[in-house]
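Letters A, B, ... mirror the listed sequences (proteins, then strands); counts begin at 1. No hydrogens, no waters, no symmetry mates; every other heavy atom, side chains included, goes into these values.
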There are 2 protein chains.
Amino acid sequence: MRTAILVVDDDDIFNGVLVRAFARRDIPARGVTSLEEARAVISEAAPERVVLDLNLAGASGLTLIPELLAARQDCRIVVLTGYASIATAVEAIKLGAMQYLAKPVEIDAILAALEDATPEIEGAIAAEPMSVSRLEWEHIQRILQANEGNISATARALQMHRRTLQRKLGKRPPPFPPLAGGS
Amino acid sequence: MRTAILVVDDDDIFNGVLVRAFARRDIPARGVTSLEEARAVISEAAPERVVLDLNLAGASGLTLIPELLAARQDCRIVVLTGYASIATAVEAIKLGAMQYLAKPVEIDAILAALEDATPEIEGAIAAEPMSVSRLEWEHIQRILQANEGNISATARALQMHRRTLQRKLGKRPPPFPPLAGGS
DNA sequence: TGGCGCTGCGGCATAACGTCGCACCCGCCT
DNA sequence: AGGCGGGTGCGACGTTATGCCGCAGCGCCA
């Protein structure tokens, strides 16, 4: 028997929507909204399937991936975030996540990613180049990643004013030109 | 002894820039511009380090990743593309690439990704990343080039207002970052 | 306990941007 | 010829974003 799907997302509303959507499909699911709660659930009964949000009240959900896999090797993790960036996507997959999806996304895509381990190799290549704003966002995320989330250090590396970086980070990422949920 | 870095990119100019940049650092490198050439090199002497572009004259460089790893398990692959997307990034990492970077990118970032087997972040930070303005400028030039100098078309592709593009083009290029050959 | 660095945020002057409009040129079609 | 569509350059104006101050809170460490 499979354990319930663990939904980790600090957005109460979205979290609820997900859990109920799973419930409607007779899939047991449990939602938590913080790293602490998540850890508690893990130590209690390591989940087999997890939907993980990256922005958990400032903390990065990324850190949870190794813990999940340590608790259960065959744990299937799908990362789901409203602030999708290539940098964090690469990191998440490297850490062992199965899939990385950008919100908004349909429940079915999440389920598919959770169930389906087969990646289609013949991934289509994007037709359009990134917009300048998107490129900037990706670049910032990458450097921020390299600096372990240190905003001041990132601002210095980017030769950008710290205040400006803060403001940029506070905003939503620019729309991604090509496909998102695909795969 | 390490084999030369294999650069797979159908953009002759960028390919040349990369190979020369490596040469300037006394790093042996060999550039090829097609999947066929790449396969030839692989069967001849499986490279240890590879810089792989995704858009190879229509074909996806993604397919080369399994082949490279089959030829040499410890092959280090860095995917580099001008048409980055989260979907292909996820795919590339799943297939075994070490890093996924969006053009334009600094040579140092490529080298750092190639060398850094361990997530030792310190090394990566050492090299200064491009400033956002410089990154933007490089990107604009690239797309402008692709559109044969057509400003209106470039503005559309970049989802930027034509007036804004004009103003940006009218200004001098942003302060020079660390990057070598102007690509 | 004070110093140091990171963080978040308010405020303000200035620069950049989005948007509209205009004139001009060029190639094409009828 | 005239009309039409597309590209280019540029002025003007209101709206945003940015650079740069400053302040307070927090964790860290000698």
*Does a salt bridge link B/R142 with B/E136, judged by any charged N lying under 4.0 Å from a carboxylate O?*
no

*Quickly work out the A/L169 CG to D/dA17 P distance and round it to whole Å.*
15 Å

*Could I get the full list of side chain to side chain contact (heavy atoms under 4.5 Å, CB included) partners for B/I110, not counting sequence neighbours?*
B/L18, B/F22, B/V51, B/L80, B/L101, B/V105, B/L114

Would you give me the side-chain donor-acceptor pairs under 3.5 Å for residues 10-17 of chain B, sequence neighbours excluded?
from	atom 1	to	atom 2	distance (Å)
B/D10	OD2	B/A57	N	2.8
B/D11	OD1	B/I13	N	3.0
B/D11	OD1	B/F14	N	3.2
B/N15	ND2	B/D9	O	2.9
B/N15	ND2	B/V32	O	2.9

*asked:* If the condition is side-chain hydrogen bond (donor to acceptor under 3.5 Å, both in side chains), which residues does B/N147 pass it with, not counting sequence neighbours?
replied: none

*Take nucleotides 6-19 of chain C nucleotide by nucleotide from the 5' end and write B, S or -, depending on whether a protein heavy atom sits under 4.0 Å from the base, only from the sugar-phosphate, or from neither.*
SBBBBB-----BBB

*With axes from five pairs an end, tell me the bend angle of the helix from C/dT1-D/dA30 to C/dT30-D/dA1, nearest 10°.*
30°

*asked:* List the residues meeting side chain to side chain contact (heavy atoms under 4.5 Å, CB included) with A/Q141, not counting sequence neighbours, and say none if there are none.
replied: A/S85, A/A87, A/W137, A/L144, A/L169

*asked:* Without decimals, in angstroms, what is the distance between B/N147 CG and D/dT8 C1'?
replied: 15 Å

*asked:* For A/R25, give me all partners under side-chain hydrogen bond (donor to acceptor under 3.5 Å, both in side chains), at least two apart in sequence or on another chain.
replied: A/D108

*With A/R167, which residues qualify under side-chain hydrogen bond (donor to acceptor under 3.5 Å, both in side chains), at least two apart?*
none

*Residues forming a side chain to side chain contact (heavy atoms under 4.5 Å, CB included) with A/K94, sequence neighbours excluded*: A/V90, B/I93, B/Q99

